[in-house]
Amino acid sequence: MLKNFQENIRKKQLFSKKDIILLTVSGGVDSCVMLDLFSQIDIPIAIAHCNFCLRGKESDQDEKLVRQLAHKYKVKIHVKHFDTKKESQEKNSSIQMTARNLRYAWFDSLCKTNNYTQIATAHHQNDVIETLLFNLSKGTGIAGLHGILHKSGKIIRPILFASKSDILTYAKNNALEWRDDASNQE
């Protein structure tokens with residue numbers, strides 16, 4: 001997986017040695033694998049973790065794990081708590097869209113204040129398929145058929161080459177810790 005990770009970065013020209021990457025780490029298996037892979041290559045990284053305060057103690061346990069991982073990998077961590085429900089009501093927007101807008105605005109501000117040049121998310125092949133199916137169900141045009149891009153502005157998706165199965169196998173084979181978010185199954 002590490003070899004494929006490095007090859008994907010090179011082929012897609014996701015970043016260079018001069019970049020400083022902000023990893024978005026939720027505590028789920030995908031982002032924990034991404035963090036582990038980044039820890040094995042020579043590029044400066046930091047972690048951003050959003051606590052949307054939507055799942056009570058589970059959200060706090062996710063944060064605790066990510067803080068432990070930052071310590072383990074000796075990586076700077078940024079954590080932000082959001083009152084997502086309140087924001088969602090005030091903006092008359094869905095929880096998912098509100099959380100997305102909050103996190104990307106925060107990631108952008110972290111980049112500006114800390115000179116991070118790229119934001120890495122842990123999207124993978126299964127997310128591409130899900131996005132394509134969603135777009136098709138909405139009656140998308142040609143533009144919606146590309147799914148998720150490897151790179152879009154500052155956003156990079158360095159594990160887009162991997163399937164969920166690949167990610168789980170890697171995590172288990174390398175005894176990685178992660179947390180399952182039951183709300184992702186909905």
Side-chain angles (χ1 to χ4, degrees), residues 20-35 45-71 75-141 143-160 164 167 177-186:
I20 305 169
I21 315 295
L22 180 65
L23 307 182
T24 61
V25 181
S26 66
V29 67
D30 308 333
S31 62
C32 289
V33 165
M34 180 179 69
L35 171 59
I45 60 172
I47 293 172
H49 175 76
C50 300
N51 186 333
F52 293 109
C53 303
L54 293 170
R55 297 177 297 115
K57 288 183 180 180
E58 284 187 46
S59 294
D60 295 337
Q61 291 299 314
D62 294 348
E63 179 183 330
K64 181 180 177 185
L65 172 63
V66 176
R67 286 183 184 278
Q68 290 169 345
L69 292 172
H71 179 74
V75 175
K76 182 176 182 177
I77 184 170
H78 306 274
V79 175
K80 183 152 181 156
H81 291 235
F82 296 98
D83 190 343
T84 314
K85 284 183 184 176
K86 180 181 173 190
E87 287 278 338
S88 174
Q89 290 167 348
E90 287 175 1
K91 294 195 177 3
N92 196 24
S93 177
S94 72
I95 292 284
Q96 293 83 359
M97 188 54 69
T98 300
R100 183 184 192 288
N101 292 338
L102 288 169
R103 75 175 160 259
Y104 281 106
W106 181 54
F107 298 156
D108 282 338
S109 74
L110 284 173
C111 286
K112 288 175 185 156
T113 58
N114 295 277
N115 297 315
Y116 301 130
T117 55
Q118 305 286 342
I119 302 165
T121 67
H123 291 95
H124 51 77
Q125 283 179 0
N126 298 55
D127 294 321
V128 173
I129 294 165
E130 184 180 299
T131 299
L132 283 171
L133 291 173
F134 177 75
N135 288 345
L136 283 171
S137 73
K138 290 190 320 185
T140 188
L145 294 179
H146 62 68
I148 300 172
L149 301 174
H150 282 83
K151 186 173 187 174
S152 177
K154 283 184 183 176
I155 309 295
I156 60 172
R157 297 168 184 95
I159 62 169
L160 209 51
K164 184 67 164 196
I167 291 166
E177 283 186 77
W178 74 87
R179 291 187 41 81
D180 287 317
D181 177 350
S183 68
N184 284 339
Q185 303 306 315
E186 295 173 8

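- The shortest heavy-atom contact between Ala122 and Ile159 is O-CD1, 3.7 Å.
- Shortest non-hydrogen contact noted between Thr98 and Ser88 is OG1-CA, 3.4 Å.
- Using cut-offs of 30° and 60° for the angle between ring planes, the Phe52 and Phe82 rings count as parallel.
- The CG atom of Leu65 lies 9.0 Å from the NE2 atom of His49; values are rounded to the nearest 0.5 Å.
- If you take CZ on Arg179 and CD on Gln61, they are separated by 5.5 Å, rounding to the nearest 0.5 Å.
- Take Ser109 and apply the side-chain hydrogen bond (donor to acceptor under 3.5 Å, both in side chains) test, not counting sequence neighbours, and it matches no residue.
- If you take CZ on Arg103 and SG on Cys50, they are separated by 7.0 Å, rounding to the nearest 0.5 Å.
- In this structure, Asp108 does not pair ionically with Lys154, as no charged nitrogen and carboxylate oxygen lie closer than 4.0 Å.
- Between Leu69 and Cys32 the shortest side-chain heavy-atom distance falls below 4.5 Å.
- Taking OG of Ser152 as the start and CZ of Arg157 as the end, the distance is 6.0 Å to the nearest 0.5 Å.
- Looking at heavy atoms from C-beta onward, Leu102 lies out of side-chain contact with Arg100 at the 4.5 angstrom threshold.
- Between His78 and Phe107, the gap from one ring centroid to the other reaches at least 6.0 Å.
- The nearest pair of heavy atoms linking Gly28 to Trp178 is C-CB, 3.8 Å.
- Side-chain atoms of Ile77 and Val66, non-hydrogen and from C-beta on, do get closer than 4.5 Å to each other.
- Using modelled atom types and a 3.5 Å distance limit, the side chains of Asn114 and Lys76 yield a donor-acceptor pair.
- At least one side-chain heavy atom of Met97 sits under 4.5 Å from a side-chain heavy atom of Ser94.
- The side-chain hydrogen bond (donor to acceptor under 3.5 Å, both in side chains) check on Lys86 picks up nothing, with sequence neighbours excluded.
- Crowding of Glu177 atom CD: a count of heavy atoms from other residues, nucleotides or ligands under 6.0 Å not exceeding 12.
- Test Ile20, Leu22, Val75 against Ile45 for side-chain contact (heavy atoms from CB on, under 4.5 Å) and you get one pass: Val75.
- Between His81 and Cys53, the shortest heavy-atom distance links the atoms ND1-SG, 3.8 Å.
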Determine, step by step, whether Gln118 and Ile155 satisfy the side chain to side chain contact (heavy atoms under 4.5 Å, CB included) criterion, reporting the C-alpha distance in whole Å, the side-chain angles of both residues, the deciding distance to 0.1 Å, and the verdict. CA-CA 6 Å; Gln118 305 286 342; Ile155 309 295; over 6 Å; no

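- Annotation: the span from Thr24 atom OG1 to Ile119 atom CD1 amounts to 8.5 Å, rounded to 0.5 Å.
- For the pair Arg67 and His71, the minimum side-chain heavy-atom distance is 4.5 Å or more.
- In this structure, Leu35 CG and Ile47 CD1 are separated by 4.5 Å, a value rounded to the nearest 0.5 Å.
- With contacts defined as side-chain heavy-atom distances shorter than 4.5 Å, the pair Val33/His124 does not qualify.
- Residues forming a side-chain hydrogen bond (donor to acceptor under 3.5 Å, both in side chains) with Asp60 (at least two apart in sequence, or on another chain): Asn51.
- Using a 3.5 Å distance cut-off with no hydrogens or angles, the side chains of Ser26 and Ser31 do pair a donor with an acceptor.
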